[in-house]
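One structure is given below, encoded as structure tokens.
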Number of protein chains: 2
Amino acid sequence: MDSEELRNAGLKVTTPRLKILTLLENSAERHMTAETIYRLLVEGGEVIGLATVYRALAQFEAAGLITRHHFDSGQTVYELERGPHHDHIVCIRCGRVEEFYDKVIEERQREIAASLGFTLSDHALTLYGQCNSADCPGRNG
Amino acid sequence: MDSEELRNAGLKVTTPRLKILTLLENSAERHMTAETIYRLLVEGGEVIGLATVYRALAQFEAAGLITRHHFDSGQTVYELERGPHHDHIVCIRCGRVEEFYDKVIEERQREIAASLGFTLSDHALTLYGQCNSADCPGRNG
DNA sequence: GCCTAAACGATAATGATTCTCAATATAGAT
DNA sequence: ATCTATATTGAGAATCATTATCGTTTAGGC
């Protein structure tokens with residue numbers, strides 16, 4: 001249950017936090033901006049403040065419940081952490097986001113960091129391209 | 001000469017554009033925010049507007065003269081394009097940026113994109129870690 | 001159930017970026 | 001070299017995303 005997750009993260013169990021966490025868990029779209037999360041909740045009839053959404057997301061991130069990404073669009077998007085680490089590929093036409101994990105790349109990163117005298121703690125890898133989804137507007141353009 | 005670069009990029013040769021381009025070419029720091037570029041020019045006695053800096057940077061990027069990066073700090077930094085493609089590793093303590101190129105990673109990216117049905121057009125890879133520079137404040141902390 | 005610190009919602013404040021507009025400078029034609 | 005149409009400029013207003021403030025409300029240990 002969501003209450004457990006919040007307690008385990010050392011956060012008080014409050015109504016707004018539960019609403020946000022539940023939305024993140026139930027949304028088909030896994031990568032959302034703070035504004036989008038806020039809008040979806042308000043449209044769903046909830047009473048919540050935008051500042052509360054930002055605060056909760058910052059806390060969730062600090063607790064490791066969610067991850068923050070900066071894709072090239074410049075917008076900050078949040079993603080619920082579930083399962084193991086992965087990177088992203090974003091369609092430059094329709095914005096669709098897919099996830100992938102590649103052991104070779106992960107290992108090379110560690111080797112490169114070491115060779116440059118860095119202790120690797122994190123990385124951000126995003127590929128950009130055009131997808132072949134039937135819904136992608138750029139497919140036949 | 002810088003005027004040539006601008007002309008080749010299809011841009012009019014104007015004083016502000018030359019100032020910005022020259023600064024980018026002569027700065028030791030290769031990754032700067034728009035605000036930093038503006039501040040350096042003003043401190044150097046130039047009369048220029050911040051809006052002009054943003055406009056010029058956007059045009060330079062469209063023309064392929066510079067590249068825009070979004071590191072995890074959230075800030076947008078600009079880098080003059082010179083030489084071949086490379087990725088970045090950023091020190092999470094002192095902010096130092098190093099560049100690297102890895103053929104294995106580049107190839108894997110293309111394979112991954114293809115396997116997911118994407119035509120790869122670009123990518124952003126940034127590693128984060130702690131560096132061992134003598135100047136890095138986190139070195140002995 | 002009560003109490004205190006933490007969290008809330010609304011809104012003001014901030015920081016980054018873009019837009020507006022009147023004045024100016026460029027590039028090509030004369 | 002000068003003229004002219006058009007693109008560009010600088011200053012500041014406007015916008016957008018995010019954070020801070022503040023009076024009120026709520027969670028959770030007693």
Side-chain angles (χ1 to χ4, degrees), chain A residues 1-23 31-63 65-78, chain B residues 1-23 31-63 65-78:
Chain A
M1 185 185 254
D2 292 350
S3 309
E4 280 309 310
E5 287 187 60
L6 290 175
R7 257 188 290 272
N8 292 343
L11 297 171
K12 273 192 184 177
V13 178
T14 70
T15 317
R17 286 176 187 161
L18 285 172
K19 286 176 189 166
I20 295 168
L21 199 49
T22 302
L23 177 72
H31 306 85
M32 289 188 281
T33 65
E35 191 69 39
T36 300
I37 293 166
Y38 170 70
R39 185 173 44 72
L40 287 175
L41 288 172
V42 169
E43 284 174 1
E46 307 289 0
V47 175
I48 193 170
L50 179 55
T52 303
V53 173
Y54 275 103
R55 271 185 299 237
L57 290 172
Q59 292 155 340
F60 291 178
E61 191 199 7
L65 292 177
I66 65 176
T67 308
R68 176 202 298 243
H69 304 290
H70 292 96
F71 295 150
D72 272 5
S73 65
Q75 289 182 107
T76 303
V77 299
Y78 299 85
Chain B
M1 185 185 254
D2 293 349
S3 308
E4 280 311 311
E5 287 187 61
L6 290 175
R7 257 189 291 272
N8 292 341
L11 297 172
K12 275 192 183 177
V13 178
T14 71
T15 317
R17 285 176 188 162
L18 284 172
K19 287 176 188 167
I20 294 168
L21 199 50
T22 303
L23 177 72
H31 305 85
M32 290 187 282
T33 65
E35 193 68 39
T36 300
I37 294 166
Y38 170 71
R39 187 172 44 71
L40 289 175
L41 288 173
V42 170
E43 285 174 0
E46 307 289 0
V47 174
I48 194 171
L50 180 55
T52 303
V53 173
Y54 275 103
R55 272 187 297 237
L57 290 172
Q59 292 156 340
F60 291 178
E61 191 199 6
L65 293 177
I66 65 176
T67 308
R68 177 201 297 242
H69 303 290
H70 293 97
F71 295 150
D72 272 5
S73 64
Q75 290 182 107
T76 303
V77 299
Y78 298 86

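Chain letters run A, B, ... following the sequence lines, proteins first, then strands; residues in each count from 1. Computed from a predicted model, the values in this text were never measured in an experiment.
Taking the side chain as every heavy atom from C-beta outward, A/K19 and A/T15 approach each other to under 4.5 Å. Within the 4.5 Å cutoff, side-chain heavy atoms of B/L50 are placed close to those of B/E35. Under the 4.5 Å side-chain criterion, counting only non-hydrogen atoms from C-beta, A/E61 is not in contact with A/L57. Side-chain contact between A/K12 and A/L6: absent, with no pair of heavy atoms (C-beta onward) separated by less than 4.5 Å.
The heavy-atom pair separating B/I48 from B/P16 by the smallest distance is CD1-CB, 3.9 Å. In terms of heavy atoms, B/I20 sits closest to B/F60 at CG2-CE1, 3.9 Å. Contact between A/A9 and A/L65 at its shortest, heavy atoms only, is CB-CD1, 4.2 Å. For A/F71 against B/H70, the heavy-atom pair with the smallest separation is O-ND1, 4.0 Å.
One interatomic measurement links the two molecules: CZ of B/R39 to C1' of C/dG15, which rounds to 15 Å at whole-angstrom precision. Rounded to whole angstrom, the span from the CZ atom of B/R55 across to the P atom of C/dC19 amounts to 10 Å. Going from atom NE2 of B/H69 over to atom C1' of C/dA16 covers 19 Å, rounded to whole Å. The CZ-P distance, from B/R7 to C/dG28, rounds to 9 Å in whole Å. Rounding to whole angstrom units, CD1 of residue A/I48 and C1' of C/dC8 are separated by 9 Å. Rounded to whole angstrom, the span from the OH atom of B/Y38 across to the P atom of C/dG15 amounts to 15 Å.
Within 4.0 Å of B/R17, counting heavy atoms only, lie sugar-phosphate atoms of the nucleic acid but no base atom. As judged by a 4.0 angstrom heavy-atom cut-off over every strand, A/T33 is placed among residues making no nucleic acid contact. Base engagement by A/L50 is indicated by at least one non-hydrogen atom pair under 4.0 Å involving a base atom.
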Between the protein and nucleotides 22-26 of chain C, which nitrogen or oxygen pairs come in under 3.5 angstrom?
{"from": "C/dT26", "atom 1": "O2", "to": "B/K12", "atom 2": "NZ", "distance (Å)": "3.3"}

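OP1 or OP2 of C/dT17 has at least one side-chain nitrogen or oxygen of B/Y54 nearer than 4.0 Å. Put simply, A/T52 has no side-chain N or O that comes within less than 4.0 Å of OP1 or OP2 on C/dA7.
For DNA chain D, the outermost nucleotides in 5' to 3' order that have an atom under 4.0 Å from a heavy atom of chain A are D/dA17 to D/dG28.
B/I37 CD1 to B/T52 OG1: the interatomic distance, rounded to the nearest 0.5 Å, is 13.0 Å.
Considering only the side chain of A/A51, C/dT11 comes nearest among C/dT11, C/dC8, C/dT17.
In this structure, B/A56 and A/Y78 both approach DNA chain D, and ranking their closest nucleotides by distance from the 5' end singles out B/A56.
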